[in-house]
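To start, the structure itself, in structure tokens.
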Amino acid sequence: MAVTRPVDTDSHVYLVDGSGYIFRAYHALPPLTRSDGTPVGAVQGFCNMLWKLLEDLKGEDQPTHLAVIFDYSGKSFRNDFYEAYKAHRPDPPEDLVPQFGLIRDATRAFQLPCIEMEGYEADDLIATYAKQAAALGARVTVASSDKDLMQLVNGQVTMLDPMKAKRIGPDEVREKFGVGPERVIDVQALAGDSVDNVPGVPGIGIKTAAQLIEEYGDLDTLLARAGEIKQPKRREKLIEHAEGARVSRRLVTLKDDIEIDSPLEEFGTADPEAESLLGFLRSMEFRTLTRRVEEALGSGPADETGDATAPVERDRYECVQTMDALNRWIARAKAARVVAVDTETDALSACASRLVGVSLAVAPGQACYIPLGHLGGDLADGGGRPEQIDMAAALGALKPLLQDPAVLKVGQNLKYDLAVLKRHDIDVAPYDDTMLISYVQEAGLHGHGMDELAQTLLGHTCISFKEVAGSGKSQKSFAEVDLKSATAYAAEDADVTLRLYEILKPSLAQRSMATIYETLERPMPGVLARMELAGVKVDVAQLSRLSSDFAQKMAEAEEGAHAAAGTKFNLGSPKQIGEILFGQMGLPGGKKTKGGAWSTDAAVLDQLAAEGHDLPRQLLTWRQFSKLKSTYSDALKAAINPDTGRVHTSFSLAATTTGRLSSSEPNLQNIPIRTEEGRTIREAFIAEPGHVLVAADYSQIELRLLAHIAGVDALKDAFKAGHDIHAMTASEMFGVPLDEMDGATRRKAKAINFGIIYGISAFGLANNLGIGRDEAKAYIDSYFRKFPGIADYMDAMKAEAKERGYVQTLFGRRCHFPGIRDKNPAMRQFAERQAINAPIQGTAADIIRRAMIRMEDAIGRAGLKARMLLQVHDELVFEAPEDEADRLIEVVREVMEGAALPAVALSVPLDVEAKAAKTWGQAH
DNA sequence: ATGTTCACG
DNA sequence: GACGTACGTGAACATC
């Protein structure tokens with residue numbers, strides 16, 4: 001744990017260039033993966049280096065202060081004046097990406113400060129800290145071998161190559177650059193750096209640059225007197241590229257006056273607490289290093305307050321009601337470098353609710369609640385508004401903590417809190433989400449809500465919301481809950497979240513799911529929170545018109561139905577419909593429902609209507625309009641947020657077994673499109689004036705993935721050639737030439753193609769096509785013969801699910817099916833069909849997640865203002881200024897079509913159809 | 001709280 | 001040969 005210790009002339013400050021080290025370790029060391037496949041080579045190199053540094057320096061060179069400093073991902077201030085800076089750098093290798101997060105975890109496990117700052121590179125932070133420390137008289141060691149840091153070297157500041165254990169002082173710098181440290185930037189400005197896109201002066205390398213600087217003293221003098229140079233080529237180049245040299249000097253000159261968040265004094269070194277470090281090293285499977293650390297530190301039992309499984313004591317939570325108390329908690333959180341955060345609001349919707357309080361936990365059992373928006377009126381609080389810190393002041397103090405790149409914020413379903421805090425202009429980062437850490441490991445096995453996780457992982461029963469707010473009609477909003485109950489409830493949430501994190505996070509690595517979590521889960525809450533906050537505009541007048549149209553159609557159908565039945569009844573009651581149709585009228589009943597009653601669903605009513613009966617026809621019409629009115633036109637109008645005038649859905653990240661999202665309150669993933677009447681609802685989704693909606697959807701993505709995953713050459717070739725896939729299937733199966741294909745045959749093939757994806761059964765296909773079971777069976781057999789690979793794929797998935805309990809997507813996401821070993825054959829077969837479907841549906845879900853994660857950045861880089869609003873499984877919906885539409889479509893298509901790369905190279909192309917229009921309906 | 005139906009991919 | 005079905009969701013409404 002870092003301690004606070006003043007910096008003075010006896011201090012020795014170590015500044016470790018974490019980012020520089022990551023790349024060197026990655027390239028210098030052989031690739032290493034943990035047993036679960038997570039790449040950890042760079043992490044191991046990094047941990048070895050840190051440990052060696054700490055051990056080697058036990059003598060007189062021992063650091064009194066130490067911090068590890070990282071680049072902030074994204075652009076730096078240098079791009080503000082020179083756009084091309086580091087622009088040609090390729091994206092880091094796929095197997096390095098997950099290690100960035102792990103290396104920050106490693107730093108925290110060593111209990112060392114982990115420093116980064118938006119807009120700055122690690123080198124600038126190091127320069128700033130080095131200057132401050134030197135000014136206080138301390139000695140400084142910069143642990144790096146990066147030549148760009150050599151300009152910092154002087155009598156007090158030396159560098160240490162952490163891999164070669166070699167000291168770099170002024171003499172070594174002179175050896176490398178031919179000039180002393182104080183002239184290094186001049187030499188770099190002339191020589192340039194092709195790797196970082198620093199232009200320099202063409203034709204001049206380090207040797208020549210050093211010679212010129214030696215001769216003329218410094219860069220400005222050289223450029224001013226360039227005309228005196230004897231060699232004509234060199235003279236011309238220098239005169240021509242003088243400005244390039246000046247820009248280059250600005251690029252290579254490190255910024256040493258950044259306003260830093262974490263002062264030097266907080267970097268005081270202390271022996272690391274053994275268990276948390278060892279826990280991390282063991283989870284990474286670094287056996288040698290684990291043993292070394294065990295020997296050096298001993299490994300006693302965990303400290304009582306640090307045990308995630310210690311009993312939860314609700315009365316020990318603190319209710320924070322003064323700025324002093326709040327500042328103490330913020331300091332504790334900063335020191336701990338990890339803090340669990342939870343927000344309480346007065347309603348369930350993140351977009352429509354008001355912030356009521358924030359809770360924090362810094363260690364198991366160490367949690368507080370900060371009430372901010374509680375109302376008076378409760379007798380327990382004496383009737384008045386309870387004593388609370390001013391909301392703006394509290395958020396002002398919390399903001400730097402919540403945005404501090406060196407403090408990890410942990411939440412349970414953090415998307416909600418991100419959205420609430422974003423509305424108060426706070427961008428929480430970095431973060432981890434316990435719900436997602438659980439989901440990525442155990443999707444399909446159980447739910448991932450906090451109460452359930454606390455029960456199973458901690459054996460703890462959380463206070464229910466009802467216990468503090470009541471239930472039913474008398475339920476209070478959280479703002480009306482008294483502070484004592486609110487503190488017990490809210491602080492417990494943060495406490496439990498932190499404990500869950502300590503248990504769940506290490507298991508992520510143990511089961512080699514860290515890469516999936518890092519690439520497909522961790523980035524999502526931020527993306528979705530922004531989409532939900534953006535919302536989508538709907539045309540209120542249009543919805544009102546539709547509601548009254550539908551009401552009229554319903555009334556007509558109701559009248560017709562009552563007339564046809566000869567009696568009045570409730571058209572919304574399947575029970576009454578059954579009694580009339582199959583009782584009074586004596587029609588033959590078709591299938592039964594699960595509960596044993598006669599089914600009256602659309603398939604049954606359709607059949608009866610086709611036989612010429614009027615009542616089922618009227619019922620179908622009534623149901624259609626009743627559905628459109630109550631579920632869509634009425635509900636959407638009621639869902640409009642009065643502040644924004646838009647509809648804000650909530651996306652759920654941990655609801656499905658396959659990795660798909662779900663949408664609720666309202667569900668915007670099931671807006672009608674299949675029928676003409678239904679489409680009118682989609683026409684009510686509109687763009688702001690001067691804007692358009694762009695809808696982009698993957699064409700046939702699941703069939704394409706089936707072709708790739710099952711290795712079906714005929715399907716692959718058809719997709720590569722851009723053929724109509726259902727017509728091709730029909731032609732193969734039924735022997736009809738493509739140019740003679742009729743609609744009915746193609747429709748049959750289409751049903752079979754979909755059936756395959758769903759884990760086909762003869763009964764299901766027969767039902768769907770309205771044919772006999774024998775005929776359906778013959779179709780399936782014929783399909784398997786024509787497309788070898790499919791049957792093998794199905795058998796393989798069933799076997800894999802049976803053996804492991806889960807199947808995997810192409811990217812490695814696991815979908816569990818506990819029913820696969822059930823003794824009930826129906827349950828088992830259900831699980832088998834799920835196991836066949838999940839890798840296909842799940843891979844498609846992974847691909848669109850990857851596209852979404854890359855999309856915002858791609859839109860930003862293209863200089864567009866467009867916003868991503870909705871995801872509907874294979875479709876993304878955007879809103880953009882009219883004049884951006886064409887460019888947006890280009891960017892969106894590029895990102896979506898390439899979303900599987902580089903992790904997976906598909907053997908079929910992904911095709912995206914995109915269109916811009918004023919309404920969602922027209923954008924299809 | 002559960003079942004039925006139906007909207008979407 | 002049993003089992004009773006197409007895969008994944010969420011919302012409204014009736015009924016218990």
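Proteins come first, then strands; the chains are lettered A, B, ... in the order of their sequence lines, and each starts at number 1.
In this structure, F784(A) has its ring center at least 6.0 angstrom away from the ring center of Y793(A).
Of all nucleotides listed (dA12(C), dC3(C), dT5(B)), dC3(C) comes nearest to the side chain of Q829(A). Nearest nucleotide to the Y632(A) side chain, out of dT5(C), dG10(C), dA7(B): dA7(B). The listed nucleotides are dT5(C), dA2(C), dC7(C); the one nearest the side chain of N837(A) is dC7(C). Closest approach to the P574(A) side chain among dT4(B), dC8(B), dC3(C) is made by dT4(B) (side chain taken as heavy atoms from C-beta onward). Comparing dG9(B), dG10(C), dC6(B) by their nearest atom to the side chain of D601(A) picks out dC6(B). Of the listed nucleotides (dA7(B), dA14(C), dA6(C)), dA14(C) has the atom at the smallest distance from the side chain of N570(A). Taking every side-chain heavy atom of S664(A) into account, dA11(C) is the closest of dA7(B), dA11(C), dC3(C). Residue S630(A) places its side chain closer to dA12(C) than to any other of dA7(B), dA12(C), dT15(C). Taking every side-chain heavy atom of K594(A) into account, dT4(B) is the closest of dG4(C), dG10(C), dT4(B). Closest to the side chain of P825(A), out of dC3(C), dT5(C), dC6(B), is dC3(C).
At whole-Å resolution of the value, CZ in R828(A) and C1' in dA6(C) are 18 Å apart. Protein atom CZ of F817(A) is 10 Å distant from nucleotide atom C1' of dG8(C), rounded to whole Å. Going from atom CH2 of W622(A) over to atom C1' of dT4(B) covers 13 Å, rounded to whole Å. For the pair W598(A) CH2 and dA14(C) C1', the computed distance is 21 Å after rounding to whole Å. Per the geometry, CD belonging to Q700(A) stands 12 Å off P belonging to dG9(B), to the nearest Å. Remark: C1' of dA11(C) and NZ of K629(A) are 15 Å apart, rounded to the nearest angstrom. The interatomic distance linking L628(A) (CG) with dC8(B) (C1') rounds to 13 Å, in whole Å. As a whole-Å value, the separation of R682(A) CZ from dG9(B) C1' is 10 Å.
Taking the six-membered ring for Trp and thresholds of 30 and 60 degrees, H726(A) and F754(A) have ring planes inclined between 30 and 60 degrees apart. Between F582(A) and W598(A), the two ring planes are tilted [angle within 30° to 60°].
In this model, the phosphate group of dC13(C) is not approached by any side-chain N or O of K627(A) to a distance below 4.0 Å at OP1 or OP2. OP1 or OP2 of dG10(C) sits under 4.0 Å from a side-chain N or O of S662(A). At dT15(C), one or more side-chain N or O atoms of Q576(A) fall inside 4.0 Å of OP1 or OP2 (strictly under the cut-off).
Base engagement by A751(A) is indicated by at least one non-hydrogen atom pair under 4.0 Å involving a base atom. Note on E665(A): only backbone sugar-phosphate atoms sit closer than 4.0 angstrom, heavy atoms only; bases stay farther off. R674(A) comes within 4.0 angstrom of a base, heavy atoms only. Among the atoms of the strands shown, only primed sugar atoms or phosphate atoms (P, OP1, OP2) are found under 4.0 Å from some heavy atom of S573(A). In this structure, F763(A) reaches the bases: a heavy-atom distance under 4.0 Å links it to at least one base atom across the strands shown. At the heavy-atom level, Q834(A) lies under 4.0 Å from the strands shown only through sugar-phosphate atoms. Using a 4.0 Å heavy-atom cutoff across all strands shown, T657(A) reaches sugar-phosphate atoms only and no base atom. Using a 4.0 Å heavy-atom criterion, one finds that T600(A) contacts the sugar-phosphate atoms exclusively. In this structure, A655(A) reaches the sugar-phosphate backbone alone: every heavy-atom distance under 4.0 Å involves primed, P, OP1 or OP2 atoms, never a base. Counting any heavy atom pair closer than 4.0 Å across all strands shown, I760(A) reaches a base atom. Counting non-hydrogen atoms under 4.0 angstrom, I836(A) reaches nothing in the nucleic acid. Residue G595(A) is classed as a sugar-phosphate contact, given heavy-atom separations below 4.0 Å to backbone atoms only. Residue contacts for N670(A): at a heavy-atom cut-off of 4.0 Å it reaches a base atom on one of the strands shown. Contact annotation for N768(A): base contact, defined as any heavy-atom pair under 4.0 Å involving a base atom.
Nearest heavy atoms, P672(A) versus R682(A): O-NE, 3.0 Å. Between L571(A) and I577(A), the closest heavy-atom pair is O-CD1, 3.4 Å.
The base-pairing partner of dA14(C), taking Watson-Crick or G-U wobble contacts with both distances under 3.5 Å, is dT2(B).
Annotation: cation-pi geometry not satisfied between K415(A) and F651(A) (NZ/CZ under 6.0 angstrom from ring centroid, within 45° of ring axis).
Residues Q618(A) and E556(A) bring no donor and acceptor atom of their side chains to less than 3.5 Å of each other.
A donor-acceptor contact under 3.5 angstrom links the side-chain atoms of S761(A) to the base of dT5(C).
To the nearest 0.5 Å, atoms CZ (R773(A)) and CG (L765(A)) are separated by 12.0 Å.
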